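Take a look at the structure below.
The structure displayed is predicted, hence computed values, not measured ones. Values reported hereafter were calculated over all heavy atoms of this structure, with side chains retained and with hydrogens, waters and symmetry mates removed. We count residues from 1, following the sequence as given.
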Amino acid sequence: MKKILIGLLTMIMTVGSISLSVNASEYTYGDYVYNILDDGTVEIVNYYGDDSVLEIPNEIDGMSVASIGAETFFVCHSLTSVIIPDSVTSIVNDTFYQCTNLTDVAISASVTDIGIDAFLECESITNITVDSNNEYYSSLDGVLYNKDQTTLIYCPNGKDSVTIPDSVVNIADYAFSECYNLTSITIPDSVTSVGEGAFTWCEGLTSITIPDSLNSIEMGTFYACSSLTSITIPNSVTSIGDTAFEFCENLKSITIPNSVASIGDEVFDECNNIVIHCYNDSYAKQYAIDNEIEYDLLDSSQTNKALIIGITSVLALAIAASVAVVIIKRKKKSIKK
């Protein structure tokens, strides 16, 4: 028993010493808590203020502020606008997590890295501006892009409409995630790739146009888009990833072409009233059967029928025209007599 108690006491003392050493490396500056990094620069790790408009300092105690740590501004409900200083190069995941009243963010020229979830659950944010001298990022109409605007990186959660420029080739992972106010969107033909979870939890999205340039629907792309009622997959798409339409509770109709040769797991879970419109002998039909999903066969012969009808009509017109010419010729001959 003594050995056990001594062991426990040793563990407690060890943990305590570790905690003390971590706390000892943190310093305060006004409402900020910061660490000194190995290169002598500063990382801000916490903020206890209640400012609504905040300009983060370039320097603290004579040292350059180089980065902002995870959850530094966690649940800062008072914050509505923030300016990132020129000294900062990195904004990591969850930096502004649940800053629910944040509407505007200004990013300086020096920022080279922004975490994928840096503005997670910032439901009111509508505008991100990037200094035009930034070599890695840019902004257009409040939306964050890479420098040459070939990748759409992040759409602020408070946006209710977005026009994607034709320069965009790639929509990044989770780019539109939790854009609750977005009701419709058209993806231009220039886009060839849409990342995982790109439109997750877009609960207000009622319609979306997928271009023929897209080859796949990735994992969780439209997860929990609960207002979507119908969608048509273009002939260019060959695969649909896991959970792509899971929890799209009002999705009643989806048209899947013969080009689709792979459909992942749980794609239509909680889509209780969905009907898959597909062709006979297609992968989509077999998927529907295997997963006990109602399906409706599209008549692939309709195109052929239309073609036959069209050819028949043209032939009928041609025959009618030939008969008319013969009749006219005969009439002319009878007049000469």
Side-chain angles (χ1 to χ4, degrees), residues 68 70-71 90-99 105 107 111-123 125-126 128 130 134 136-159 162-165 167-182 185-205 208-211 213-226 228 231 233-234 236-248 262-267 269:
I68 305 172
E71 298 186 3
S90 176
I91 305 169
V92 302
N93 284 344
D94 302 330
T95 295
F96 295 95
Y97 181 52
Q98 284 192 358
C99 291
V105 177
I107 296 172
V111 173
T112 61
D113 181 47
I114 300 174
I116 191 171
D117 289 329
F119 304 100
L120 186 65
E121 295 187 24
C122 294
E123 60 190 37
I125 191 168
T126 57
I128 290 180
V130 179
N134 190 297
Y136 297 89
Y137 298 100
S138 65
S139 58
L140 178 67
D141 297 330
V143 177
L144 182 66
Y145 297 86
N146 66 341
K147 182 61 178 178
D148 59 5
Q149 295 186 354
T150 56
T151 298
L152 191 156
I153 297 171
Y154 172 72
C155 176
N157 291 165
K159 283 280 190 183
V162 175
T163 300
I164 301 174
S167 60
V168 172
V169 175
N170 174 52
I171 295 175
D173 294 350
Y174 303 96
F176 289 88
S177 181
E178 298 182 358
C179 287
Y180 302 118
N181 299 321
L182 198 65
I185 192 163
T186 298
I187 302 174
D189 291 335
S190 58
V191 173
T192 59
S193 172
V194 176
E196 291 184 5
F199 295 93
T200 55
W201 295 103
C202 289
E203 295 178 345
L205 194 64
I208 185 162
T209 302
I210 302 174
S213 54
L214 204 62
N215 295 320
S216 63
I217 308 293
E218 299 299 329
M219 182 177 72
T221 298
F222 299 102
Y223 181 92
C225 290
S226 54
L228 273 179
I231 195 161
I233 308 296
S236 57
V237 171
T238 59
S239 65
I240 301 174
D242 296 347
T243 71
F245 296 95
E246 186 176 6
F247 283 100
C248 291
S262 172
I263 302 176
D265 297 328
E266 301 175 359
V267 171
D269 278 19

Audit row: Ile208, Ile231, side-chain contact (heavy atoms from CB on, under 4.5 Å) steps and yes/no: CA-CA 7 Å; Ile208 185 162; Ile231 195 161; 3.6 Å; yes
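- Rounding to the nearest 0.5 angstrom, the gap separating the CZ atom in Phe96 from the CD1 atom in Ile68 is 5.0 Å.
- Nearest heavy atom pair, residue Ala244 against residue Glu218, reads CB-O, 3.9 Å.
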Audit row: Val194, Ile210, side-chain contact (heavy atoms from CB on, under 4.5 Å) steps and yes/no: CA-CA 10 Å; Val194 176; Ile210 302 174; over 6 Å; no
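- Scanning all heavy atoms of the two residues, the minimum distance from Gly220 to Thr200 falls at O-CG2, 3.0 Å.
- Annotation for Tyr180: atom OH counts as buried by contact number, over 12 foreign heavy atoms lying within 6.0 Å.
- Rounding to the nearest 0.5 Å places CD1 of Ile91 at 5.0 Å from CD1 of Ile114.
- With values rounded to the nearest 0.5 angstrom, Ser177 atom OG is found 14.5 Å from Phe119 atom CZ.
- Ser239 places no side-chain N or O within 3.5 Å of a backbone atom of Ser216 that could act as its donor or acceptor partner.
- Smallest separation of non-hydrogen atoms from Pro165 and Ser190: O-OG, 4.1 Å.
- In this structure, SG in Cys99 is found 11.0 Å from CD in Glu123, a value given to the nearest 0.5 Å.
- When every heavy atom of Gln149 is checked against every heavy atom of Ser167, the shortest pair comes out as O-OG, 2.8 Å.
- A distance-only check finds a donor-acceptor pair linking the side chain of Ser213 to the backbone of Val191 [under 3.5 Å].
- For Lys147 (side chain) and Asn134 (main-chain N/O), a donor-acceptor pair under 3.5 Å exists by modelled atom type.
- Although no hydrogens or angles enter the test, the distance criterion places no donor-acceptor pair under 3.5 Å between the side chain of Asn157 and the main chain of Ile125.
- Side-chain contact of Ser193 with Asn170: a donor-acceptor pair under 3.5 Å is present, judged by distance alone.
- Side-chain atoms of Thr221 do not come within 3.5 Å of backbone N or O of Gly197 as any donor-acceptor pair.
- When all heavy atoms of Cys179 and Pro156 are compared, the closest pair comes out as SG-O, 3.6 Å.
- You'll find the side chain of Val111 stays beyond 4.5 Å of the side chain of Ser90, heavy atoms only.
- Looking at heavy atoms from C-beta onward, Phe176 lies in side-chain contact with Leu182 at the 4.5 angstrom threshold.
- To the nearest 0.5 Å, atom CD1 of residue Ile171 and atom CZ of residue Phe199 are 4.5 Å apart.
- Taking both residues in full, the closest heavy atoms of Tyr137 and Val130 are given as O-CG1, 3.5 Å, listed atom of the first, atom of the second, then distance.
- In this structure, CG in Leu120 is found 6.0 Å from CG in Asp94, a value given to the nearest 0.5 Å.
- Side-chain atoms of Thr126 never come within 3.5 Å of backbone atoms of Gly158 as a donor-acceptor pair (strictly under, hydrogens ignored).
- Partners of Thr243 according to the side chain to side chain contact (heavy atoms under 4.5 Å, CB included) rule, which considers only residues two or more places apart in sequence or in another chain, are Met219, Tyr223, Glu246, Glu266.
- Looking at Thr150, Leu140, Ile153 one by one, the single match for side-chain contact (heavy atoms from CB on, under 4.5 Å) with Tyr145 turns out to be Leu140.
- Of the possible polar contacts, one joining the Asp173 side chain to the Glu196 backbone as a donor-acceptor pair under 3.5 Å is found.
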